[in-house]
Structure formats: structure tokens, C-alpha cells
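Below is one structure; the comments refer to it alone.
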Protein chains: 2
Amino acid sequence: MSATTLKRESARERILDLAEAAVLQKGFGATSIEELIAGAGISKSGFFYHFPDKGELAKALLLRYIERDRAILDDIFARADELNDDPLHGFLVALKLFADMMAAMTEVHPGCMVASVCYQEQLFDREVHELARDAALAWRVRFRARLDAIVARYPPLVPVDLEDLADMLSVMMDGGITISRIMRDPQLLARQVVLYRAFVRSVFLGA
Amino acid sequence: MSATTLKRESARERILDLAEAAVLQKGFGATSIEELIAGAGISKSGFFYHFPDKGELAKALLLRYIERDRAILDDIFARADELNDDPLHGFLVALKLFADMMAAMTEVHPGCMVASVCYQEQLFDREVHELARDAALAWRVRFRARLDAIVARYPPLVPVDLEDLADMLSVMMDGGITISRIMRDPQLLARQVVLYRAFVRSVFLGA
DNA sequence: ACCCCGACTGCACCTGGGGTACAGTCACAT
DNA sequence: ATGTGACTGTACCCCAGGTGCAGTCGGGGT
């Protein structure tokens with residue numbers, strides 16, 4: 001990394017920051033390169049120097065989003081595990097932490113980049129869709145591992161498929177974000193996470 | 001309705017059909033008026049005769065989608081009520097019918113128009129967003145009424161807010177469709193509806 | 001001192017998509 | 001016969017997403 005690259009924040013990062021906010025707020029299609037370069041203070045040529053085309057911007061955006069999401073989940077689970085070493089209670093605490101985090105957001109959740117990509121198909125290439133798929137698969141694996149640890153100690157009282165229960169969290173996050181946005185209710189997502197928590201609790205601990 | 005309107009299927013309907021498929025598959029932005037008029041066999045002027053602008057097409061599309069969705073739900077609940085007059089078992093049967101319907105779809109669900117609109121903000125006017133919101137509100141009211149009837153007979157064993165539990169179905173449908181698409185697993189949505197059913201069951205009947 | 005390289009700028013130009021404007025057509029209903 | 005609904009055709013405008021390329025500017029390596 002040269003000194004030039006480090007000064008302030010590189011133009012590339014500035015574009016990515018502006019694009020992320022704009023895309024989550026109004027969608028990828030409605031976000032113009034024009035507005036990004038105006039905001040970042042660079043020329044059109046400068047933009048195309050960093051991103052061969054708009055699709056590459058989408059890829060970079062998704063990659064960054066997935067990475068941050070992963071870091072947030074890592075942090076939440078780490079904090080939950082610190083407080084507790086029982087797998088079930090650790091998971092329940094993590095869900096609580098997550099719900100609190102969502103509840104703390106005063107405005108509606110900016111949206112899930114992965115879902116956003118899903119509804120803009122064909123605009124992006126195969127590669128971008130694989131990225132989204134890999135992210136969803138990573139969520140499944142992560143949550144599934146937690147659930148596997150739980151069943152070893154708590155035999156489920158309600159018959160459920162663990163993979164489905166793992167996917168259910170992804171489903172509720174994505175759906176929760178969407179319905180939260182549609183309803184313009186910032187708290188809806190948090191309440192849905194709490195409901196998922198109640199389900200997990202009742203599956204392993206009963207009513 | 002004139003004879004002209006009836007011959008074959010009106011151009012307007014043809015456009016709407018083509019647009020619906022295209023939008024659910026690749027998004028509204030990626031669906032060009034050009035491709036629609038080519039498919040419908042009319043001129044550009046013909047398109048703008050029916051829809052003042054692309055936004056009006058979105059509105060018409062959403063309206064049609066919401067109406068069909070309403071009809072499907074009406075039918076499912078009517079069939080479920082025919083088979084059963086207990087509110088809880090009626091709801092559980094309806095969920096089963098719904099899951100079966102979703103499972104019967106061999107390809108991945110085309111997607112939810114309402115969610116699609118949600119992720120394309122700013123592309124549409126206030127009116128379109130109000131439409132999406134009203135649709136989500138209608139789901140909430142419909143499911144909430146079912147749940148209210150259930151609690152009158154079955155005191156909940158797990159403490160849940162009924163409005164949240166009602167919203168949870170919308171959340172799982174939308175999220176299920178999205179994750180189903182991302183994962184390219186057509187059966188995922190059906191399995192998630194079954195899980196929601198298991199939750200409702202355990203809330204009112206226990207493990 | 002020299003030059004290369006990364007990170008741009010500026011300008012010219014092209015395409016496709018979303019419109020606008022408006023005159024004309026043609027079948028059918030009254 | 002006359003009007004109305006459902007269009008067609010032509011012409012034109014703007015904007016966004018590019019493409020192509022020559023030039024610039026500052027730092028680092030030799």
C-alpha cells in the first residue's frame with residue numbers, strides 16, 4: 001500500500017461507502033454512477049478505472065457486505081459464548097443480543113444486500129449470484145453447527161429438521177427486514193427475532 | 001367490454017403477463033418496455049397508450065399480484081374451514097394446504113412482487129409503496145383474526161404477541177421465497193411453512 | 001536525475017432505454 | 001355517418017452506462 005492509497009480514504013472506498021448507502025436505500029438500478037462520482041469527487045473515468053463496469057461494483061459491494069455480516073455474527077456469538085457455556089443458552093443469549101441490536105436501530109434496517117441482489121437478477125452475472133448463495137450457505141452451516149451442539153444435550157421436544165431450523169433464522173432475518181421496510185416499522189425485525197428465539201426455546205425446553 | 005377487448009386476450013393483459021414473468025425473474029429495472037412490446041406484438045405507442053409510464057405498469061402489476069394472492073388465500077382458508085370448524089385445526093390445515101401447494105412447485109417460486117417492489121425503492125412513487133404496505137397490512141389482519149379465534153379456545157402455552165405471530169407468517173413467506181431463490185432450492189419455502197405450522201402448534205397445543 | 005507506475009482527469013463518442021408529441025388508421029357501436 | 005377505443009409510425013429528446021484514449025501528477029525505485 002502506497003502513501004497515496006492511504007491518504008484520507010481511497011476513492012474506491014468512498015465510492016463503495018456511497019454506493020452501499022444508496023443501494024440499500026433505493027436499489028442498485030436506481031443508483032447512478034453519476035451520483036457516486038459526484039459524491040466521491042472523482043471523474044467518470046476514475047470510476048471505470050476502479051470498476052470495469054457497474055456489475056463489478058455490485059460484486060465488491062456484496063463481498064464487503066458479506067464480510068461485515070460475518071464479523072457481526074462472529075462478535076455476537078463470541079460475546080454470547082463468553083457469558084455462557086451451555087450451547088442452548090449460548091444460542092438463546094446470542095439471539096437476544098441480536099434482537100437488542102436490531103431494536104437499537106431507530107430507523108428501518110437498511111436492507112439485506114443479499115436479498116437485494118436476489119431481486120435484481122440478470123442485472124448481475126453468475127458470479128454475483130454464487131456469492132449470495134455462498135453467503136446463505138455459510139449462515140446455514142454456522143447456525144446448524146450451533147443446533148447440533150444443542151441437540152447433543154437437549155433432545156428436541158418438537159420434531160424439527162435441524163437444517164430447516166437453521167435456515168429459518170436466515171429466512172426470518174431476510175423476511176423480517178423486508179416486512180419491516182414495507183410496514184415502515186423499525187422494531188418489527190427485532191420482535192421477529194425474539195419470536196424465533198421463543199420457538200427455539202420451546203423446541204428444546206418446552207412451554 | 002367490447003368485442004375488440006375480448007378477442008384473444010387484450011394487448012394490455014398480454015403485456016401484464018409478460019411483465020409479471022420477467023419482473024419476478026429478473027427484476028423490474030432489468031425488464032425493458034422494448035422486450036414487452038416485442039413479445040406482445042404491439043408498438044411502443046401502444047404500450048404508452050395503456051400505461052402512461054413504466055411506474056403505472058408497476059402499479060398495475062402489483063395490483064394484479066395482490067388480488068391473485070388474496071384469492072389464493074381465500075380459497076385455501078375456505079377449503080380448510082370446510083374440512084374443519086375448530087379454529088386451531090382450521091388454521092393448521094390451511095398451513096398444510098399452503099405448504100403442499102408450495103411443495104408442488106417444481107421450479108423455484110417466481111418471487112414475491114411485494115418484496116420485489118420493496119427492493120426497488122425510489123423507482124416507484126409513493127402510491128406503489130402504499131399498495132405494498134396495504135397488502136402486508138391485509139395479511140396481518142387476516143392472520144391475526146385467525147389467531148384471535150384460536151386463543152379464545154386454546155390459551156397459548158408459550159407467551160407470544162399475536163400480532164407478531166401473525167406477521168411471522170408474512171415474514172416466513174417472504175423470507176422463504178428469497179432464501180429459496182438464493183439457495184436454488186424449490187422445496188425450502190414449503191419446509192419453512194411447515195416449520196411455522198410446528199411453531200403455531202407448539203404454542204397452542206404444546207410439544 | 002531519470003523513469004515507471006498507479007491513480008486518476010478530460011474529452012469525444014456510442015448505445016439502449018425511457019419517454020414525448022402528434023398525426024393517422026381501422027374496427028366496431030350507436 | 002360519426003365517434004370512440006385501440007392502436008401504428010415517425011421523429012425526436014434526454015439520460016445512464018459505457019468505450020477509447022491521450023494526458024497529467026505525485027511517489028518510489030534505481
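Here the structure is a predicted model, which means the values were calculated and not measured. In the text below, chain A, chain B and the rest are named by the order of the sequence lines, each starting its count at 1.
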Do A/Val194 and A/Leu95 pass the side chain to side chain contact (heavy atoms under 4.5 Å, CB included) test, and can you show the C-alpha distance, the side-chain angles, and the key distance before you say yes or no?
CA-CA 7 Å; A/Val194 168; A/Leu95 289 173; over 6 Å; no
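When the C1' atom of D/dG18 is taken as reference, atom CG of A/Leu57 falls 14 Å away, rounded to whole Å. Here C/dC26 presents its P atom at 18 Å from CD1 of B/Ile42, a figure rounded to the nearest Å. Going from atom CD1 of B/Ile37 over to atom P of D/dG9 covers 11 Å, rounded to whole Å. Across the protein-nucleic acid pair, A/Phe51 atom CZ and C/dA7 atom P stand 12 Å apart, rounded to whole Å.
Side-chain N/O atoms of B/Tyr49 include none lying less than 4.0 angstrom from OP1 or OP2 on D/dC7. Contact annotation: B/His50 side-chain N/O to D/dC7 OP1/OP2 distance is under 4.0 Å.
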Scoring nucleotides 18-23 of chain C by protein non-hydrogen atoms under 4.0 Å (B base, S sugar-phosphate only, - none) yields BBB---
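Judged by the 6.0 Å and 45° rule, A/Lys54 forms no cation-pi pair with A/Phe48.
A salt bridge is defined here as a Lys NZ or Arg NE, NH1 or NH2 lying under 4.0 Å from an Asp or Glu carboxylate O, and B/Arg64 with B/Asp17 meets this definition.
The environment of CZ in A/Arg144 is crowded: more than 12 heavy-atom neighbours from other residues, nucleotides or ligands sit within 6.0 Å.
Not counting sequence neighbours, A/Phe77 has no partner by the ring-ring contact (aromatic ring centres under 6.0 Å, His included) test.
When each of B/Leu16, B/Leu18, B/Val23, B/Leu24 is checked for a side-chain contact (heavy atoms from CB on, under 4.5 Å) with B/Glu20, only B/Leu24 meets the rule.
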